[in-house]
Amino acid sequence: MAKPKKLAGKDHDPVDDRPFIEANADAKKRYGRFNLAVIGNTGVGKSSLVNAVFGREHAKVGKGLPVTKGVNYYHDDFLGVWDFEGFEIGSTDAPSESLRVNLQTIAERPADEQIAVVWYCVLHNADRLTEPDVAMIRALDAAGLPVILVLTKTDWTKNRVTGTYRAPADTELFREWLEHPVDGDGEPVHLPLRHVCVTSASGRNGKETGHGLGDLVDATIAVAPESARNAFRIAQKLNLEWKRQMAHRVVVGASVSSGAAAAIPIPVADATTLAPIQMAMMGRIAHIYGLELKDMISAATLAQLAAHIAGKALARSFVKFIPVVGSAVNGTVASALTAATGEGWMRLCERVHTGDLDASSIAETLDQFSPTVRSVVKNIFLQKASRT
Ligand SMILES: Nc1nc2c(ncn2[C@@H]2O[C@H](COP(=O)(O)OP(=O)(O)OP(=O)(O)O)[C@@H](O)[C@H]2O)c(=O)[nH]1
Ligand SMILES: [Mg+2]
């Protein structure tokens with residue numbers, strides 16, 4: 001491992017924030033963008049579904065880049081949405097034919113725009129799929145795309161006794177048909193769906209949370225190509241546990257690196273040796289939680305962050321509290337310090353991600369998330385325990 005760049009020697013010099021920015025940019029490249037195609041008639045709830053799962057105002061009506069007729073592409077660093085307008089009933093073109101042409105156009109676009117998964121959206125109370133629906137699903141499958149059929153705007157009813165929600169009986173029948181489709185003569189119909197999900201993006205009044213979205217997220221990751229899965233874990237907002245697991249791996253890696261960097265104990269006065277490792281760890285974790293740096297974290301906040309979390313003052317305070325350490329930070333303390341820093345940063349990122357904490361107030365709340373002596377000591381014990 002390359003020895004971390006030595007940072008400014010004087011106490012008041014700021015810690016370099018470049019490792020944060022570089023690691024953040026590197027995470028963006030490494031994890032890439034998740035591209036979803038949503039197809040379905042106007043008003044079936046495509047945009048609402050995308051917003052419920054990804055939590056951004058991506059798919060607002062009529063505000064994308066019209067890539068080809070009837071298809072808009074919306075994207076940020078984490079997520080790309082190919083928004084297909086529904087076909088017009090009675091139009092002369094066969095919808096599956098125009099879909100094929102559109103898919104061809106998309107296939108010629110850059111690699112980071114390629115569709116990973118398709119949500120084919122149909123109203124839950126549509127009593128059947130139309131011929132054009134079936135033809136389009138086959139065309140998508142023929143193009144090698146995994147298709148999830150999403151029944152939308154389901155009116156769930158709550159069982160007063162059990163508290164569980166149920167879709168209407170007709171919707172369940174429709175789902176069963178979709179899973180084992182047969183024609184009027186009872187002959188099987190070829191319908192290449194990878195999964196059927198029954199969903200609603202919001203409650204009846206448009207305010208409550210949706211239903212069936214966890215199932216949709218699980219189905220999506222299951223059918224996504226392996227290379228797109230981490231990008232999906234990052235882009236979606238419903239399963240926080242996936243993010244925690246990814247971020248935790250980053251913390252463990254940085255913690256090990258810190259231990260190695262301090263294999264020969266670092267004099268406390270030089271404890272900023274650990275800063276680049278910690279800053280890089282935080283940059284990657286910020287990406288995993290979907291924090292867009294340019295919008296959310298100003299350069300001034302970053303500098304403050306660096307000073308706060310990775311500064312040598314912190315290491316000094318540990319020396320006061322942990323007498324065994326003496327005047328140097330050894331490998332065990334260094335790795336515990338980094339682990340505690342990472343855990344605090346994960347909590348902060350998670351709160352910004354869920355909207356509990358406003359990004360503009362990160363600077364004022366840093367103290368709450370900085371590692372405490374207690375959390376470092378806990379990590380020292382955990383590490384000792386894991387070695388024995
Ligand atoms: N009750 C209920 N209404 C919903 C649900 N999902 C969407 N809607 C409403 O249905 C309307 C259309 O939703 P959109 O998400 O804009 O539908 P769309 O498929 O993106 O429509 P276009 O972009 O015009 O093709 C909006 O008024 C939504 O609030 C749902 O699950 N339940
Ligand atoms: Mg829409």
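For the single chain, residues carry numbers from 1 onward in sequence order. Both counts, for ligands and for their atoms, begin at 1 and track the order of listing.
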Quiz item: Any N/O/S atom of Ser47 sitting less than 2.8 Å from the Mg ion (ligand 2), backbone or side chain?
Solution: yes
Quiz item: For ligand 1, is there an atom lying under 4.0 Å from some heavy atom of Ser202?
Solution: yes
Practice problem: Work out whether the distance between some heavy atom of Gly40 and some atom of ligand 1 is less than 4.0 Å. | Solution: no
May I ask you to check if ligand 1 and [X] share an N or O to N or O distance below 3.5 Å?
X      : result
Leu49  : no
Thr154 : no
Ser200 : no
Asp83  : no

Exercise. For ring pair (Phe, Tyr, Trp, His ring centres under 6.0 Å), just list the numbers for His75 and Tyr73, CA-CA rounded to whole Å, side-chain angles, deciding distance to a tenth of an Å, and then say yes or no.
Key: CA-CA 7 Å; His75 74 89; Tyr73 186 59; 5.4 Å; yes
Practice problem: Look at the rings of Trp119 and Phe54 and say which category their plane angle falls in: under 30° parallel, 30 to 60° tilted, over 60° perpendicular. | Solution: parallel
Practice problem: Take the angle between the ring planes of Tyr289 and His353 and call it parallel below 30°, perpendicular above 60°, tilted in between. | Solution: perpendicular
Quiz item: Under the criterion side-chain contact (heavy atoms from CB on, under 4.5 Å), which of Val217, Leu216, Leu49, Thr152 is the partner of Cys197?
Solution: Leu216
Quiz item: Is Arg166 salt-bridged to Glu172, cutoff N-O under 4.0 Å?
Solution: no
